[in-house]
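Everything on this sheet refers to the single structure shown next.
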Amino acid sequence: MTRTATDDGSRLRPLPLDGAALPVRAGQVVHAGRRLGDLVTRRPEGITGHQWSSATREEFDHVVCTADTGRPLFAVVLGAPAPPGSARQRAERMRDAVCAAVDLPVLRIESPTLRSATHGPRIVGYVIDARAYAGPSAGQDGDGYDGAVAFRDIVGRLPDGRTGPVNDLGALTRAAVVDAYVSRRLADPIVRGLHVRWQDGAAEGWSWVEVRPGRCLVERVTVREHRFWCGVDAARLAEDLATVAVGDRLRALEADEPPLVDRAELRQEIRGLRARRDELVGGFAFDHLCVD
């Protein structure tokens, strides 16, 4: 029997398990394409009628629920960031206000390249596994159990036969870049990157590869954890996801070369990031990338 949302005082409505949901993983199931209105039973206090009407129409790319009760655990939004001051940004803020009021955690991943249908299931599965590995006692101040190897740092056999971190989402891209360099399709075999966390809570990751001498393909991803923890450091996750995006764009390199950034221009942008170190949590750890 499916519980109602009022059984435990929650405003979140359980989602029934259906054929469209992804298979159960770590006791959790993933539903795709659900509106906020599908998850919330009634307008919470402090939310205006206009906010409620706008927010409930907003759609999540994925909603993760407990497999046994269908109770929503967290929601995921994946896609390009909304333009500043746009109607879409205002709608997202209203959605965030309702989610905060009903205590629904949200993981938001902003990328101009990554897409829900293509990348979403893998990313959500990764986060579920990372959180399960860390265990219920871990939180935002830790990356797994005390004294244990963090999920991202578990070493094993990689797809190309080398030994390395098996939970590096960018591992396939790194191997593909080496192959492309060997076949003389790229100017450099190394995927470079950086990651930072802003004081407002957003985590940002950059990744790039030199495609032509002095010309780089660059990807940036922002990860925002709203009352949520990914099970791994969000900044490192953002950099790994940026590397995944680099790999996607490299696959279309021969058919349609993407816009490239001059290496000197990229270095200047990194210096600009370094100049804002006071706005970063833990400062800036990539001074070596600012050297000519």
Side-chain angles (χ1 to χ4, degrees), residues 25 61-62 74 76-81 107-116 118-134 138 140 142-144 149-160 162-180 186 188-198 201-210 216-225 228-251 258 266 270 273 280-282 284-286 289:
R25 187 179 191 133
D61 295 300
H62 303 279
F74 64 94
V76 180
V77 179
L78 171 60
L107 172 61
R108 187 170 168 183
I109 299 172
E110 298 175 354
S111 164
T113 300
L114 301 179
R115 291 292 176 265
S116 173
T118 306
H119 307 94
R122 182 186 178 198
I123 294 172
V124 175
Y126 180 93
V127 170
I128 290 174
D129 290 346
R131 287 166 58 87
Y133 175 84
Q140 294 185 4
D143 193 9
V149 176
F151 182 77
R152 170 61 172 76
D153 296 324
I154 297 173
V155 175
R157 190 176 182 84
L158 298 176
D160 61 357
R162 296 181 298 112
T163 298
V166 295
N167 294 318
D168 172 11
L169 287 169
L172 292 176
T173 295
R174 300 182 205 283
V177 166
V178 172
D179 291 342
L186 296 179
D188 189 85
I190 300 175
V191 180
R192 292 175 169 80
L194 60 82
H195 56 268
V196 298
R197 183 184 285 272
W198 297 96
E204 186 174 343
W206 298 17
S207 183
W208 63 91
V209 64
E210 193 168 348
C216 302
L217 171 60
V218 183
E219 282 287 331
R220 297 176 177 86
V221 171
T222 298
V223 173
R224 303 180 189 273
E225 300 166 299
F228 184 72
W229 180 56
C230 289
V232 294
D233 178 67
R236 294 183 69 190
L237 175 60
E239 182 180 339
D240 286 347
L241 291 175
T243 302
V244 172
V246 165
D248 266 30
R249 294 180 69 191
L250 284 178
R251 278 191 282 275
L266 174 60
I270 296 173
L273 196 62
L280 302 173
V281 176
F284 183 76
F286 300 92
L289 296 175

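Index from 1, following the sequence.
Using a distance-only test at 3.5 Å, with no hydrogens or angles considered, no donor-acceptor pair links the side chain of R236 to the main chain of H195. Although no hydrogens or angles enter the test, the distance criterion places a donor-acceptor pair under 3.5 Å between the side chain of D61 and the main chain of L78. Put simply, the side chain of T243 gets close to the backbone of E239: a donor and an acceptor are under 3.5 Å apart. Between the side chain of E204 and the main chain of W198, no donor-acceptor pair closer than 3.5 Å is present. Put simply, the side chain of R152 never gets that close to the backbone of A130: no donor and acceptor are under 3.5 Å apart.
Side-chain atoms of I123 and V76, non-hydrogen and from C-beta on, never get closer than 4.5 Å to each other. Taking the side chain as every heavy atom from C-beta outward, D233 and R197 approach each other to under 4.5 Å. The shortest side-chain heavy-atom distance between F228 and R131 falls under the 4.5 Å cut-off. Residues V232 and N167 are not in side-chain contact: their nearest non-hydrogen atoms beyond the backbone lie 4.5 Å or more apart. Put simply, the side chain of R122 reaches to within 4.5 Å of the side chain of L169, judged on heavy atoms.
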Exercise for the section: Dump the intermediate steps for side chain to side chain contact (heavy atoms under 4.5 Å, CB included) on L273 and F286, then the final yes or no. Expected result: CA-CA 10 Å; L273 196 62; F286 300 92; over 6 Å; no

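Once rounded to the nearest 0.5 Å, the distance linking OG of S111 with CZ of R220 reads 11.5 Å. Atom CG of L289 and atom CG of L266 lie 8.5 Å apart (nearest 0.5 Å). Rounded to the nearest 0.5 Å, atoms CD1 (I109) and NE2 (H119) are 11.0 Å apart.
Using cut-offs of 30° and 60° on the angle between ring planes, the pair F151 and Y133 is tilted.
For the side-chain contact (heavy atoms from CB on, under 4.5 Å) test, residues two or more places apart in sequence or in another chain that qualify with P121 are L22, H62.
With W208 as the aromatic partner, R192 does not meet the cation-pi criteria of under 6.0 angstrom to the ring centre and within 45 degrees of the ring axis.
In summary, R115 and D248 do not engage in a salt bridge, as defined by a charged side-chain N under 4.0 Å from a carboxylate O.
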